[in-house]
Novice: 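Handing you a structure now.
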Number of protein chains: 2
Amino acid sequence: MNKTEIKELVKSIFPHIENVALQHILSSANYIELAKGTELIRAGERHRYFYLILRGSVKTYYLKESKQICSWFAFENHIVATLTTIAGDKPSSETIELLEDSAFVQFETKSIKNLAESNLSASHFMTELITEHATFLEERLYLLQFMSSKERYYALIERAPEVLQKVSLTDIASFLGISRETLSRIRSLK
Amino acid sequence: MNKTEIKELVKSIFPHIENVALQHILSSANYIELAKGTELIRAGERHRYFYLILRGSVKTYYLKESKQICSWFAFENHIVATLTTIAGDKPSSETIELLEDSAFVQFETKSIKNLAESNLSASHFMTELITEHATFLEERLYLLQFMSSKERYYALIERAPEVLQKVSLTDIASFLGISRETLSRIRSLK
DNA sequence: GCTTTCATGTGACATATATCACAAAGCTAT
DNA sequence: ATAGCTTTGTGATATATGTCACATGAAAGC
């Protein structure tokens, strides 16, 4: 995948982005391929990059008493980042790990943030990125607070059926906030 | 409270804001006082304003089967808004209601959003506002997904003890995602 | 092809929480 | 002060979910 193709892709995902900003962002962008199990971002560490998934999938998780508790999964054409990395400059509290061999465009966070200091279009890009993330968080919060585990499971397979294809039931259960066994029983109901 | 005082207050809460942007934002700002029970923002409606609490408190809730389920409470010096109102221009899914007689600075959302289109400092202001909201959501999500109801209760009174002073246990229970009775039992444990 | 390992399903039981019913205490208005 | 309303506490019971143990089946490595 060459720079022109990357450019077209980023443009299609963020249609509002201006050419100057786009050029700047792409100057720090690289195409990379990584193997299943690789940790893109590791909890407790600062990170210089965020990613756009071209092919493959990742899971994001916290560690609680050395058990992985998933907070989300991402697939093709989605941005992979943590809020602490993008917005603050603090160590990530989550780990992001490849579920399968995958390909990404890697962006340098600093480069975009620097540009956003002086460039309006880049600042809008940041706002859009964070707004998208916040909207997603709000939806997930709503599900966790107001829906039963059954409802959350059905909402998940409706909203993101690809999760069921690519993610283990252990990870899905931790994401839904229930035990593996309970998920198994919900699934066997119909 | 006059414009100069409002200006100083907004400046102290958002120290990075530029003078041009500040002037523009303040031009649409008004001081208002409202009575307990007033709905600042009503679920299902679009809203032109967001607010800064000068004195008093509010609760934010969803309706589920005609029962109020609180999603947050806010007190002095905090911004009151919903993401759908600030970021999108969609009807709010939450209602925001005064817990007591309160005083606010009312800002016109459109005015700030318009300015952010062309003014860098205002755009940064928007980014900051939404980032703050997202950070808050992420923390709440973490508590809901990873902590037991006891832990969530203790986390709440540690992080925001004023909630206990001003909010009914019914509302706190709905916020924690548990029944009123369960909260009552947690409280009686020690 | 066989063995090992891992993911998933299921039963038995313990625990946490919800629900319903009612009592007690605190506020509010007259 | 009194009556009525709201908030909070608590007991009894039902339900949902977690935990532990083990079985089954699929995938991976030799």
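We name chains A, B, ... by the order of the sequence lines, and we start the count at 1 in each one.
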Novice: Between A:Glu100 and A:Lys166, is there a salt bridge with N-O shorter than 4.0 Å?
Specialist: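 Here A:Lys166 pairs with A:Glu100 in a salt bridge, since their nearest N and O are under 4.0 Å apart.
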
Novice: In the 5'-to-3' direction, what one-character label does each nucleotide of nucleotides 4-18 of chain D receive under the scheme B = base within less than 4.0 Å of a protein heavy atom, S = sugar-phosphate only, - = no such atom?
Specialist: ----BBBBB----SS

Novice: Expressed as a whole number of angstroms, how long is the span from B:Glu100:CD to C:dC27:P?
Specialist: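 Answer to the nearest Å: 15 Å.
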
Novice: Is B:Arg180 reaching over with its side chain to a backbone N or O of B:Ser174, donor-acceptor style, under 3.5 angstrom?
Specialist: no

Novice: Measure from CG on B:Leu189 to P on C:dT15 and round the result to the nearest Å.
Specialist: 16 Å

Novice: In this structure, which one of B:His124, B:Glu18, B:His24 forms a side chain to side chain contact (heavy atoms under 4.5 Å, CB included) with B:Asn119?
Specialist: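 Single side chain to side chain contact (heavy atoms under 4.5 Å, CB included) partner of B:Asn119 among B:His124, B:Glu18, B:His24: B:Glu18.
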
Novice: Distance check, rounded to the nearest 0.5 Å: B:Met126 atom CE versus B:Thr131 atom OG1?
Specialist: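 Reported value, rounded in 0.5 Å steps: 10.5 Å.
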
Novice: CZ/B:Arg55 to CD1/B:Ile53 distance, rounded to the nearest 0.5 angstrom?
Specialist: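 CD1 of B:Ile53 is found 11.5 Å from CZ of B:Arg55.
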
